[in-house]
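Each remark here refers to the structure printed beneath this line.
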Amino acid sequence: MVTTHNLGFPRIGANRELKFTLEAYWQNKISVKELEKQRDQLCQENWQRQITLDYVPVGDFSFYDHVLDTSQMLGNLPQRILSLGGEALSSYFRTARGHTAGDEIHAGSTAGEMTKWFNTNYHYIVPEFSARTRFTLNASHLIDQIKQAKILGIKAKVVLLGPVTYLRIGKCTDNSSVLNLLPPLLNCYQELLGLLADHGITWVQIDEPALVTDLEAIWQQAYIKAYETLSNNRINMMLTTYFGTLGDNLLLSCRLPVQGLHVDMSQHQLEMPTLLKNLPSERLLSLGVVDGRNIWKSDLHNILNILEPVHQALGNRLWIAPSCSLLHVPVDLARESGMDTEIRSWLAFAQQKIEEIHILGQALNQGRDSVYEFLAANQHALSQRRASSRVHNPEVTSAIAGLHPTMGTRTSPYALRAEAQKQRLNLPLFPTTTIGSFPQTDDLRRLRQAWRCGDIAELTYHQAIYDEISLCIREQQALGLDVLVHGEAERNDMVEYFGEHLRGYIFSQFGWVQSYGSRCVKPPIIYGDIQRPHPITLPWITYAQSLTKQPVKGMLTGPVTMLNWSFVRDDQPRSTTARQLALAIRQEVLDLETAGIQIIQIDEAALREGLPLRRSQWTEYLSWAIEAFRITANGVSDATQIHTHMCYSEFNDIMAAIMAMDADVITIETSRSNADLLKALDNLNYPNELGPGVYDIHSPITPTLDQITTLIQQTCQHIPAARLWINPDCGLKTRRWEEVRPALKRMVEAAHQLRAIH
Ligand code: GLN
Ligand code: ZN
């Protein structure tokens, strides 16, 4: 018999209950008791949703983040937070957000750092370590959950973050080595496993996704040491890996003394033979056959073709599950009653993926005939999708076939272009500009909402947006900025807005996925060939330009960011979809140019996020990603200036790729990491223009004149003044006008000061 299980279920609830409950608690509108009641309810609902499986994950729920939960359970919250005193829950939220319900909110946050969980869009709170770190176990929350599950008759498998990954994804706040902490950490884990055994738990899922990344020898040794130590207990451990292949950690993973090994088989079936050959004969193998990262129905026949021989060989030793926790997909497709029914029939959200696992289990245990109808329906949906004319558009196929390398190359090298642009734009030294969006007021949100619901006529809506644009232009003129923007009032989200105007995209109504804490995103879905049926931003930008003689910068989202922030089709390589997006946005670029727009910014906020976990795959990714950007941007004439914007400045390891984009100007986030940036610039001799962000838009604080001029003066040591711009480090849409005005005013003053001394 094969055993079915799941690695984790979305915590947010089908109606984002977690978000609303948390926010109510933070605003002092509900008590801790109420908060806990809601949690218990959500957990129970989630367990019920998975009841058809042999093992249901327990301990995967979290109020904010499971890494933070682990830190708290191990007694490893930052000392600066603990010294504030208060209840455990207060310390927890203070570490997550800098403050908790009832706190006064100060500027300078003491929150833990937040970063991306491997290559997903989920963010975790980075554990902090130092030579002074001591671990003390407090597993009462987890034990409570286990007790509740027991009362409900849930067959629980407890989910833990593994000790080696926990150390690996943290940061050291002094110069000590985190691996020194492994022995005391293992003591804590030993104690925990013993406690779980006392509570009748037989299986733990111990997550070690670091095993799919490049590991130095000392980390490989840490794995051996960790699992040799932990093997000495009464509980069965399922060593769980996901987000990629084991690669050169495969032999190591097979060697570790655990009872079972879970591997991500959703896209990596090639590793199966090596795995089967090296798996010790008593070891269980859990195959993650249903992709936990996307929203497509699985090809169940295909999966069964792979699984049946493995089942023959392994018998009871085979388990099946989604590839990873379902945290990364929306909860339930059944909610999407408004979605196009044909496309909906191709999709599977978390609830549907659980059902797929259940059906696969049935098919293996009782034969395919026992689930004949389900399999037939699955086949039918898949073959419809494969053949659908809504997916395949011959015009797009031929446009892609017609792509030519010259399309991604500017006519002249930067030095000549810069000359042409200077003549045309006639900008001062240290030109000032912004990154695109201006404050998104409640009025604006209400306006868009009213238009979407059909409460106001299209014409009325357009007029209101035109009014907002003209207000925004007047504000910028009053501030004395040099290069203006239209302000992005028409956009709810930089990806969604463009997706809504492209063929090949569809939007869910409730397809929320946790980004961090109470924050959720609703990634659009690319189901078919991408085409731009009509201009998207042209009316807004040209209107803005008509109001002023100063240059107005056209504002577009780049193809790689569109791709990385969407659910992407799985029936063609990502690189092909990127090319299609590139061609579509290229048309917008060319239309803007034809309409007389002299500067066009193409945002690639998420380019770096797409980097594969393994270094060896970086070149391949960067080569098609950069090609996509080049196709989008580089069809313009010399005198048109291309800007790009990125929300980070860690360029050191991808500088060659950044340079290959060949944008005339790059604006980046620097206000938090200027030193790193300057180092990168030195190493690589960045040749084009640069706008290091001088105003941290994540903070309500206005930068001082001195801060701005110092940052620019420092940068001048590395890049000639003639190639520097002055701008904030990202869009201003989350700030209020009252914050934005003084900050931009400062920025303009700083530019004047700098001009006077250069
Ligand atoms: N142009 C966008 C804005 O200003 C860029 C946003 C981003 O980089 N995330 O909002
Ligand atoms: Zn940004």
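Counting starts at 1 for both ligands and their atoms, following the listed order.
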Below 4.5 Å, heavy atoms only, C-beta onward: do [X] and [Y] meet side chain to side chain?
X: L68; Y: Y124; answer: no
X: F430; Y: W725; answer: no
X: T213; Y: R614; answer: no

Under a 3.5 Å distance rule, please check whether Q580 uses its side chain to pair with a backbone N or O of I530 as donor and acceptor.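 Checked: pair present.
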
Students should be able to answer this: which protein heavy-atom is nearest to atom 3 (C) of ligand 1, and at what distance? S437 OG, 3.3 Å

Quick one: sort the Y516 and Y64 rings into parallel, tilted or perpendicular, breaks at 30° and 60°. tilted

Nearest option to atom 7 (C) of ligand 1, as decided by whichever heavy atom of G731, C730, A606 sits closest: C730

Which atom, among the N/O/S set of H645, is closest to the Zn ion (ligand 2)? NE2

Could you see which bit of M494 sits under 4.0 Å from ligand 1, with heavy atoms only: side chain, backbone, both or neither?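 Within the 4.0 Å criterion, M494 contacts ligand 1 through side-chain atoms alone.
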
Tell me the contacting part of C647 for ligand 1: side chain, backbone, both, or neither, using a 4.0 Å heavy-atom threshold, strictly below.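 Looking at C647 and ligand 1, just side chain atoms fall under 4.0 Å.
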
Please determine whether any non-hydrogen atom of K733 lies less than 4.0 Å from an atom of ligand 1.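 No, that is not the case, since the closest heavy atom of the residue is not under 4.0 Å from the ligand.
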
With a cut-off of 4.0 Å, which atoms of ligand 1 are near a heavy atom of [X]?
X: D603; value: 1 (N), 2 (C), 5 (C)
X: A605; value: 8 (O), 9 (N)
X: G436; value: 4 (O)

Are there over 12 heavy-atom neighbours, none belonging to K745, within less than 6.0 Å of that residue's NZ? no

Do H66 and Y122 have ring centroids that are under 6.0 Å from one another? yes

Rounded to the nearest 0.5 Å, what separation is found between the CG atom of D591 and the CD1 atom of I541?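 Interatomic distance, D591 CG to I541 CD1, rounded to 0.5 Å: 12.0 Å.
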
Taking distance alone, with N or O pairs closer than 3.5 Å, would you say H645 contacts ligand 1? yes

Taking distance alone, with N or O pairs closer than 3.5 Å, would you say Q601 contacts ligand 1? no

